[in-house]
Amino acid sequence: MELFTYMEKYDYEQLVFCQDKQSGLKAIIAIHDTTLGPALGGTRMWTYASEEAAIEDALRLAKGMTYKNAAAGLNLGGGKTVIIGDPRKDKSEELFRAFGRYIQGLNGRYITAEDVGTTVADMDLIHEETDFVTGISPAFGSSGNPSPVTAYGVYRGMKAAAKEAFGSDSLEGKVVAIQGVGNVAYTLCKYLHEEGAQLIVTDINKEAVNRAVEDFGAKAVEPDEIYGVDCDIYAPCALGATVNDVTIPQLKAKVIAGSANNQLKEARHGDVIHELGIVYAPDYVINAGGVINVADELYGYNQERAMKKVELIYDTIEKVINIAKRDRIPTYQAADRLAEERIEKMRNSRSQFLQNGQHILSRRNK
């Protein structure tokens, strides 16, 4: 990779390589943009095929966090860390504490959190060396398990998308097909069931499916059948890339709204569903409840305050839909535009402030 060429093209601010021989730490911290505030993004631990693949992942994920945090209305920029290693056998106290010292050295430019391959216990070890970490144990003032909060945000965003598709945000009587019934989706099912929605669920984990059937009266189908069921809303809540060339022709839903990341296999699939008149709630907007929740820890966690912010995902989905109409673009593009417009306004505001300051100084010097 020509790193500086890549960073300049996509406007990255900083790339930090962290190495500790004694613990075996090999980590890459990517900071994409801090216009809105310190970069917040999780630490992922994974067995990458190459160092270049790890760098590319860190860069891609950091940019994604810039957009996610901006669209969520947070005063935070985007960053991400990847640690090269097997999360099943390469973890140690020394490794995470060494990493925590590197974060501390950035003096608040980057704040980390849990991600794929890392846990609350790992964050606690990082916390031994720095305060610039969220998602730690509740005993240290953390918000705890983010799944219920993420589910509430998805529920609110789904209602906003339903309002656009059906003229009302009521989900009573609506049929919702849920692909994957993990922790987030189970709580989402609870919200939907309480409002009177009818549920169709699938998961490779039969116990998770049976639980949803017993607790919420859901109808169970095989994993490859979920795309073609008669439903009003399709909720991808497990695998990414389930909106693709194979599944789109099967979909009968008028709304796509779920908790999964990277729901569109390719950007062009967002164009296809837009042309079909399907209302898509962009994934990184509707599933932002978790990051909104951990971000509240930076102010001294208050659950009521955090939930009120998560509730506003409804309003954010409405803003995305309005931008899509205004600019005649699909909602996945409108979500990016919402984030970019917010960042640009802040940049312009800062630039004007600096210009005014320079003008005042020049007048004084005269």
Side-chain angles (χ1 to χ4, degrees), residues 1-20 25-72 74-85 87 98-99 102-103 105-113 115-118 132 240-241 261-271 282-285 287-288 291 329-330 332-348 350-351:
M1 291 180 69
E2 294 185 1
L3 282 175
F4 282 108
T5 301
Y6 185 94
M7 290 174 71
E8 182 180 10
K9 180 178 180 181
Y10 297 105
D11 205 16
Y12 285 84
E13 293 180 9
Q14 192 172 4
L15 194 61
V16 182
F17 294 89
C18 312
Q19 186 277 142
D20 182 72
L25 173 71
K26 292 182 177 63
I28 301 151
I29 303 172
I31 297 175
H32 177 248
D33 189 284
T34 58
T35 301
L36 297 175
L40 172 68
T43 292
R44 177 169 295 193
M45 189 169 187
W46 198 251
T47 51
Y48 290 94
S50 66
E51 292 178 0
E52 183 172 324
I55 295 168
E56 289 178 347
D57 203 29
L59 290 167
R60 177 181 62 84
L61 293 166
K63 184 179 179 183
M65 288 307 301
T66 293
Y67 281 77
K68 187 167 192 167
N69 293 337
L74 300 174
N75 296 317
L76 293 164
K80 205 78 172 186
T81 294
V82 299
I83 296 176
I84 300 173
F99 176 55
Y102 277 106
I103 293 177
L106 291 171
N107 200 31
R109 275 181 55 76
Y110 170 67
I111 303 163
T112 199
D115 201 89
V116 175
T118 60
F132 302 118
N261 290 312
N262 306 314
Q263 294 172 21
L264 305 176
K265 185 172 183 180
E266 298 174 26
R268 65 182 179 84
H269 293 121
D271 299 318
D283 44 27
Y284 72 79
V285 178
N287 69 12
V291 72
I329 56 176
Y332 81 94
Q333 293 179 359
D336 288 353
R337 196 156 295 180
L338 173 68
E340 290 162 357
E341 287 177 357
R342 183 166 179 246
I343 293 168
E344 192 59 32
K345 283 179 182 177
M346 182 57 69
R347 283 178 179 162
N348 292 339
R350 285 184 177 178
S351 177

Min side-chain heavy-atom separation [X]-[Y] under 4.5 Å:
X   : Y    : value
M65 : L76  : no
F99 : I103 : yes
L25 : I83  : yes

Work out which heavy atom in [X] is nearest to a heavy atom in [Y]; give both atom names and the distance.
X    : Y    : result
P87  : G117 : CB-O, 3.4 Å
A62  : A30  : CB-O, 3.5 Å
G78  : N69  : CA-ND2, 4.3 Å
I343 : T35  : O-CG2, 3.7 Å
P38  : G108 : CB-O, 3.2 Å
R342 : N75  : NH2-OD1, 3.1 Å

_Tell me whether E51 at atom CD has more than 12 heavy atoms from other residues, nucleotides or ligands lying less than 6.0 Å away._
no
*Should the heavy atoms of other residues, nucleotides or ligands under 6.0 Å from NZ of K26 be counted, would the total exceed 12?*
no
[atom1] of [X] to [atom2] of [Y]: how many Å apart, nearest 0.5 Å?
X    : Y   : atom1 : atom2 : value
E56  : L3  : CD    : CG    : 9.5 Å
I29  : C18 : CD1   : SG    : 4.0 Å
T112 : L40 : OG1   : CG    : 8.0 Å
I31  : L59 : CD1   : CG    : 11.5 Å
D115 : T43 : CG    : OG1   : 7.5 Å
R44  : L61 : CZ    : CG    : 4.5 Å

_side-chain contact (heavy atoms from CB on, under 4.5 Å) evaluation trace for L106 with Q14_ = CA-CA 11 Å; L106 291 171; Q14 192 172 4; 3.8 Å; yes
Between the side chain of [X] and the main-chain N/O of [Y], is any donor-acceptor distance below 3.5 Å?
X    : Y   : answer
H32  : Y10 : yes
Y110 : G41 : yes
D57  : V82 : no
Y48  : I55 : no

*Identified salt bridge (charged side-chain N to carboxylate O under 4.0 Å, His left out) partner of D33 from the options R347, R109, K68*: R347
*asked:* Can you see whether D336 engages Y284 through a side-chain donor-acceptor pair at a distance of less than 3.5 angstrom?
replied: yes
_Side-chain donor-acceptor contact under 3.5 Å, Y332 with D283_ = no
